[in-house]
Number of protein chains: 2
Amino acid sequence: MFRRKIDISNPGKTAQKILIAARKTFARHGYSGTSVDEIARRAGVNKATLYYQIGDKDTLYANVIHQVLGNIAQSVAQAVATGKTPEEKLRAYILFVADAVDKNPELPPIMMREVASGGAHLPRVAAEDMASVLTVLLGILEEGKEKGVFNDVVPFLVHAMIIGSILIFKLGAPIKDSQIWLPEDLKARDKKLPGTLGEEVADMVLKAVKKYDR
Amino acid sequence: MFRRKIDISNPGKTAQKILIAARKTFARHGYSGTSVDEIARRAGVNKATLYYQIGDKDTLYANVIHQVLGNIAQSVAQAVATGKTPEEKLRAYILFVADAVDKNPELPPIMMREVASGGAHLPRVAAEDMASVLTVLLGILEEGKEKGVFNDVVPFLVHAMIIGSILIFKLGAPIKDSQIWLPEDLKARDKKLPGTLGEEVADMVLKAVKKYDR
DNA sequence: GCAAAATATTTAACTATATGGTTAAACCGA
DNA sequence: TCGGTTTAACCATATAGTTAAATATTTTGC
């Protein structure tokens with residue numbers, strides 16, 4: 001009677017195809033805007049195969065989001081460890097997040113919609129991934145404060161500033177640029193960032209967080 | 001043959017009920033997640049009335065988003081004018097945005113989902129609203145640079161930082177707090193902001209943007 | 001090594017419900 | 001009674017999810 005589902009943590013070829021198609025489709029159209037039929041079509045498999053391999057829409061979505069967030073959560077601590085001082089660690093953290101977003105272009109839209117809906121479809125395991133990333137940031141900010149190099153900032157606000165800057169810039173810039181009727185001075189200004197997005201955000205956040213004698 | 005639709009810019013009682021119900025529903029469930037039937041039910045009118053009064057789902061959505069963004073776009077310039085120096089103007093701008101978000105709680109989720117989907121359902125008129133808000137910010141940053149009080153920042157990145165911080169903090173904090181299993185130190189830290197969200201963001205952004213002799 | 005049985009995987013066809021949108025009739029105030 | 005407004009009933013399509021049969025693949029008996 002117990003029809004055990006396939007082990008998702010080590011997906012086979014078919015399951016992998018499905019997850020990739022699902023990731024792209026969820027990223028483009030969101031949870032509600034995505035139909036299971038469309039995912040199956042893009043994966044090139046029958047819908048029943050999709051249900052056999054992975055499960056219903058919720059399970060599919062949960063696996064997609066965890067697959068992408070889980071990797072990030074696992075490697076953030078290591079990336080931060082390359083820095084010695086709190087400043088270096090915070091910079092490494094921001095560069096890591098920006099790089100993760102670069103390498104996982106489906107993450108920003110999925111995360112933003114998840115935030116927008118109050119985590120309506122956010123599976124527990126994904127929330128745990130987020131929490132472990134946040135914990136790393138919390139550690140950096142606390143160390144910086146103890147050593148007297150950071151202001152007494154609100155950690156979650158710093159988090160919001162980092163993630164918010166990166167996500168809004170990444171996703172908002174293409175929208176702005178697609179509005180061909182916009183006054184030129186609004187568009188031309190930002191064509192090229194002086195550095196990478198991560199570096200720019202790191203510079204600004206560090207200025208906001210570091211303690212200076214003025 | 002031309003069945004002229006009702007004038008939306010000055011909605012009557014029934015139309016107003018529908019628009020309010022639509023705003024709440026779109027904010028909660030997003031464009032795709034919202035059914036016209038649900039809006040009609042929440043507005044307490046027949047679905048055909050909704051189509052008669054306003055039009056199809058797209059038109060309904062466009063009116064909702066413009067109704068809320070239009071007000072903001074119209075009053076931002078005036079709010080900023082209360083400041084004399086670029087610093088004061090930038091602070092006034094950020095406080096205004098934070099206040100607008102406070103007063104229009106449906107705006108953040110709608111905007112975030114719009115950004116996430118690349119402006120998929122964003123009507124031209126709403127994009128114009130956004131542009132006029134952005135133009136005000138651009139003016140402040142340029143004046144600050146000319147007067148030598150601001151660094152040579154990337155305007156759209158400053159925009160992303162302001163909007164991103166406010167939206168992510170506003171929407172992200174409740175999610176974080178709802179994860180009852182989270183380690184206490186992650187949650188307890190941020191319970192109370194020292195000031196309002198707008199003030200906190202303004203402090204941090206100004207530190208990031210202002211030019212100091214160091 | 002190999003046919004046959006057992007198991008794992010995929011598929012077309014199906015169901016029940018939800019959805020966006022329409023229609024023609026009923027309602028209602030001037 | 002006339003024009004604007006609202007309504008119940010309706011339609012075509014889309015959707016999440018299921019089923020039983022077909023097709024691969026693996027295991028077993030010899």
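Numbers restart at 1 for each chain; the letters A, B, ... are given by sequence-line order, proteins then strands.
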Salt bridge (Lys or Arg N to Asp or Glu O under 4.0 Å) contacts touching residues 106-126 of chain B (sequence neighbours left out) =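 Listed by first then second residue: R23(B)-E106(B), R124(B)-E128(B).
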Would you list the pairs meeting salt bridge (Lys or Arg N to Asp or Glu O under 4.0 Å) in which at least one residue belongs to residues 43-66 of chain A, sequence neighbours left out?
->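 Salt bridge (Lys or Arg N to Asp or Glu O under 4.0 Å) check on residues 43-66 of chain A returns D37(A)-K47(A).
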Pairs meeting criterion side chain to side chain donor-acceptor pair (under 3.5 Å) with involvement of residues 93-102 of chain A, two or more places apart |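 Matches after skipping sequence neighbours: D99(A)-K103(A), D102(A)-K170(A).
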Yes or no on side chain to side chain contact (heavy atoms under 4.5 Å, CB included) for Q16(B) and Q67(B), after CA distance, side-chain angles and deciding distance?
-> CA-CA 11 Å; Q16(B) 201 51 278; Q67(B) 204 180 41; 3.6 Å; yes
Can you check the [X] [atom1] to [N] [atom2] distance for me, whole Å?
X: Y52(A); N: dT19(D); atom1: OH; atom2: P; answer: 16 Å
X: L50(A); N: dT18(D); atom1: CG; atom2: P; answer: 12 Å
X: I54(A); N: dG17(D); atom1: CD1; atom2: C1'; answer: 15 Å

Report, as yes or no, whether the 6.0 Å neighbourhood of atom NZ on K24(B) holds more than 12 heavy atoms from other residues, nucleotides or ligands.
-> no
Quiz: residues 72-82 of chain B side-chain donor-acceptor pairs under 3.5 angstrom, not counting sequence neighbours:
residue	atom	partner	partner atom	Å
S75(B)	OG	N71(B)	O	2.9
T82(B)	OG1	A79(B)	O	2.8

Output a table of nitrogen or oxygen pairs between the protein and nucleotides 16-22 of chain C separated by less than 3.5 Å.
residue	atom	partner	partner atom	Å
dG20(C)	OP1	T34(B)	O	3.2
dG20(C)	OP1	K57(B)	NZ	2.9
dG20(C)	OP2	V36(B)	N	2.7
dG20(C)	N7	K47(B)	NZ	3.1
dG21(C)	OP2	Y51(B)	OH	2.8
dG21(C)	OP2	K57(B)	N	3.1
dG21(C)	O5'	Y51(B)	OH	3.4
dG21(C)	N7	K47(B)	NZ	2.8
dG21(C)	O6	K47(B)	NZ	2.6

Ignoring backbone atoms, establish whether [X] has a side-chain N or O less than 4.0 Å from OP1 or OP2 of [N].
X: T14(B); N: dT6(D); value: yes
X: T49(B); N: dT7(D); value: yes
X: Q53(A); N: dT10(C); value: yes

Kindly assign one of parallel, tilted or perpendicular to the pair F26(B) and Y61(B), based on the angle between their ring planes and the thresholds 30° and 60°.
->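 Perpendicular, since the angle between the ring planes exceeds 60°.
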Roughly how far, to the nearest 0.5 Å, is the OG1 atom of T25(B) from the CD atom of E38(B)?
->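 Reported to 0.5 Å precision, the distance equals 5.0 Å.
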Please round to 10 degrees the angle between the axis of the first five pairs and the axis of the last five pairs in the helix from dG1(C)-dC30(D) to dA30(C)-dT1(D).
->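 End-to-end axis angle for the helix from dG1(C)-dC30(D) to dA30(C)-dT1(D): 20°, rounded to 10°.
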